[in-house]
Every structure is written in C-alpha cells, then in structure tokens.
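Just so you know, ligand 1 is whichever comes first in the structure, and atom 1 is the first atom listed for that ligand. Excluded from the calculations below are hydrogen atoms, water molecules and symmetry mates; all remaining heavy atoms, backbone and side chain alike, are included.
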Amino acid sequence: MHTVEPIRWTPEGVVMLDQRRLPREVVYHTYTDYREVAKAIQDMVIRGAPAIGVAAAMGIAIGVERSSAETLDALRAEFGTICDTLARTRPTAVDLFWAIERFGRRFAELALAAEKNSAGARGVARLKALLVEEAKKVHQERQDADREIGRFGAELMPKSGRVMTQCNAGALATAGIGTALGVIRVAVETGHSIEVLVPETRPYLQGARLTAWELHQDHIPLTLITDNMVGHFLKTGGVGAVVVGADRIARNGDTANKIGTYGMAVLAREHNIPFYVAAPISTLDLSIGSGEEIPIEERSEEEVTHLAGMPISPEVRAAHPAFDVTPARFITAIVTERGVARPPFETSLRELSAHS
Ligand code: MRU
C-alpha cells in the first residue's frame with residue numbers, strides 16, 4: 001500500500017506537502033529557513049501531532065545546518081533561538097516539545113564531545129551534520145512506530161464492518177502510515193473487511209479534506225458523514241470500534257485530540273462500542289497528572305464563521321477550541337508502538353514508557 005509523504009528531508013531543504021490545499025491540489029514547498037518551517041507548522045501546511053514533531057526536528061536541523069555560526073558558542077545561542085521559535089507555533093501537540101527536548105539533549109551531548117576534543121570549526125561542522133542525521137532518525141522512528149501501532153491495533157479491529165475515526169490521524173498527520181489510519185491500514189492489509197466512517201471534522205475539515213482523500217487514494221472503503229451524524233451512526237450504523245489519534249496523553253490516560261473526540265467517546269460508551277486511542281510514546285506527557293493541565297489551542301474565529309473564505313454566519317462572536325480532552329474512563333485502550341495499554345492507565349502507560 002503506497003502512502004502519501006507529507007514531509008521529506010532533501011539536499012535542497014525541507015519539502016512539505018501543503019495540506020491546506022488538499023484535496024483540490026497537490027502542492028509541495030521547499031523550506032530552507034527554520035523560520036519558514038515554524039510558520040508552516042503554525043499555518044497548518046503540516047499538522048497532526050507526530051508530523052509536527054518531525055517538522056520541528058527538521059526545522060531545527062535546517063536551522064543549524066544553514067547557520068553561519070563558526071564557533072560552538074555562537075551555534076549554541078542560535079540553537080536556542082531556533083528552538084524558541086519552533087516552540088511558539090502550536091501549544092497542544094506534545095510531540096513538538098518532545099522533539100525540541102530531544103534535540104536539546106543531543107546538542108548538549110555533541111557540544112560536550114566537541115569541546116573535549118577541542119575540535120574548533122571542524123567540531124561545529126560535525127555537530128551540524130549529526131543534528132541533520134538526528135532529524136532523519138526521528139522521521140524513520142515515526143515510520144517504524146506507526147507500523148508497530150498498526151500491528152498491535154489491527155488485532156483490536158472487527159473482522160468486518162464499520163470503524164469510526166475523527167480528524168486525520170493518517171500518513172498526513174504522522175509522516176508514516178498513520179496512527180489511527182495505520183491501525184486501519186494494517187487491518188485491511190491483513191484481511192479485515194472494513195469500511196471507515198469519516199466525520200468531516202468541522203471547522204477545519206481534516207476528515208472531509210484529508211482523511212477521505214487519504215483513504216480514497218488507498219482504495220479503503222469509506223463513507224463521509226457530517227459531525228452531527230456521529231451519534232446516529234454510533235447508535236444504528238453497525239460500528240464495531242472507534243479509533244482516533246492523540247495530541248497529548250496525560251499520566252492518567254486523559255487524552256487531548258481534535259475537537260469532537262470527547263463527544264464521540266461518550267457516545268461510543270453509551271452504545272457499548274470500544275473506543276481506542278492510537279498514538280506513539282512521544283505523545284505521552286507523563287509530566288502532567290491529568291487532562292486538566294493540557295493547554296488547548298484556540299484558533300481563529302474566522303475558521304468557524306467562514307467556509308472556504310465565504311461567510312456562513314452574520315458577524316457574531318465565535319469560539320474555536322481546536323482540541324478537547326477525553327477523560328480516561330471513556331477509553332478502552334491506548335495503542336502504542338510498545339504494546340496496548342489498558343486501564344488503569346497510570347500503571348500501564350508508566351510501564352510502556354519505561355520499557356524500550
Ligand atoms: O489541528 P490538527 O489537524 O493538527 O489536529 C490533528 C489531530 O487532532 C490528530 O488527531 C492528532 O494530532 C493525532 S495525528 C496522528
């Protein structure tokens with residue numbers, strides 16, 4: 001099965017598929033400046049928690065690679081500015097901060113080694129090259145993680161029937177085969193006969209524009225529905241499981257994901273349908289005890305009052321929290337690349353994150 005590539009490291013720069021223009025146009029941009037990468041994350045050229053992590057990794061790498069700093073101290077100062085700029089793009093997806101922290105550790109380790117060897121300009125050049133390698137490694141790890149998540153998750157999918165998802169937790173969102181859609185892809189590859197119910201995911205329409213496009217490209221059967229049909233289909237539509245992605249998972253299992261996920265989880269419980277979250281270990285934030293501590297991104301009102309640039313309401317106030325938090329009690333299991341965590345999540349997530 002061929003999956004789309006939302007981001008790629010090339011000798012010319014960081015190449016990204018412009019997700020804002022899907023499904024109408026397939027357009028790629030090449031970025032050679034970390035500020036452009038930060039803007040691309042902020043403006044939703046690339047989105048989805050794991051893909052934002054990969055973009056941050058490549059943003060740091062391009063910033064360091066193209067830096068004119070010739071001394072370690074100058075590079076260290078610039079590295080700090082690069083990381084701060086990327087950290088200010090989107091607040092909810094923890095993979096962004098995971099990538100920044102990982103690069104912070106790697107930079108410190110490499111700088112120490114360069115200092116010890118008094119490597120001078122050669123040490124700076126080597127450090128730059130190794131941070132580029134680190135970004136490629138992050139990308140590869142996302143791809144490997146998705147495959148494993150898919151393998152564990154596919155076993156939880158019905159042999160035949162319907163599965164519901166939310167937003168886009170596919171290849172476009174992870175730079176691999178997807179988390180939720182990776183589970184569905186592996187299930188289909190291994191002989192499950194699945195149809196996916198895809199809510200459009202207002203206001204940004206990731207379901208209609210991205211998930212429907214991605215599944216259609218892969219010839220996976222789907223039915224597009226509007227968000228207000230979710231309850232109806234969970235009640236009457238023969239849905240065997242719900243599988244969604246995540247932007248940040250707290251220590252107790254509370255999960256932030258695209259707005260609308262919480263309502264879907266409550267309705268799934270009401271109708272005895274298992275509700276699965278599929279996410280890599282990098283989406284766990286074990287530093288916070290519950291979902292109450294997850295920052296929720298507020299996006300522009302215009303994304304609610306307008307559709308494709310056209311006003312659909314009078315000029316009134318609108319609200320646009322981009323994510324909601326599903327309490328852990330509505331989640332049947334959390335599928336990671338290291339295995340399936342079940343309640344109580346406090347214990348199971350700690351165990352999975354400890355073992356590597
Ligand atoms: O605002 P977005 O499009 O970045 O939101 C994406 C989601 O909510 C996804 O479900 C989540 O990041 C998981 S992607 C594997």
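Of all the heavy atoms of Q206, the ones lying under 4.0 Å from any atom of ligand 1 belong exclusively to the side chain. Using a 4.0 Å cut-off between heavy atoms, P50 contacts ligand 1 through its side chain alone, with no backbone atom that close. Counting heavy atoms under 4.0 Å from ligand 1, residue Q166 does not touch it at all. Neither the backbone nor the side chain of Y204 comes within contact range of ligand 1; no heavy atom lies under 4.0 Å. Counting heavy atoms closer than 4.0 Å to ligand 1, residue M44 contributes side-chain atoms (C-beta onward) but none from N, CA, C or O. Heavy atoms of C167 found under 4.0 angstrom from ligand 1 belong exclusively to the side chain.
Between E214 and R185 there is a salt bridge, since at least one side-chain N of the basic residue sits less than 4.0 Å from a carboxylate O of the acidic one. Taking the charged nitrogens against the carboxylate oxygens, E65 and K128 have no contact shorter than 4.0 Å, which rules out a salt bridge. Between K39 and E36 there is no salt bridge, since no side-chain nitrogen of the basic residue lies less than 4.0 Å from a carboxylate oxygen of the acidic one.
Short contacts between ligand 1 and T174, defined as distances under 4.0 Å to a heavy atom of the residue, involve ligand atoms 15 (C). Within the listing of ligand 1, atoms 7 (C), 8 (O), 9 (C), 11 (C), 12 (O) sit less than 4.0 angstrom from a heavy atom of D247.
Using 4.0 Å as the threshold, A93 has no heavy atom nearer than that to any atom of ligand 1.
Applying the 6.0 Å contact sphere to NZ of K235 captures no more than 12 heavy atoms from other residues, nucleotides or ligands.
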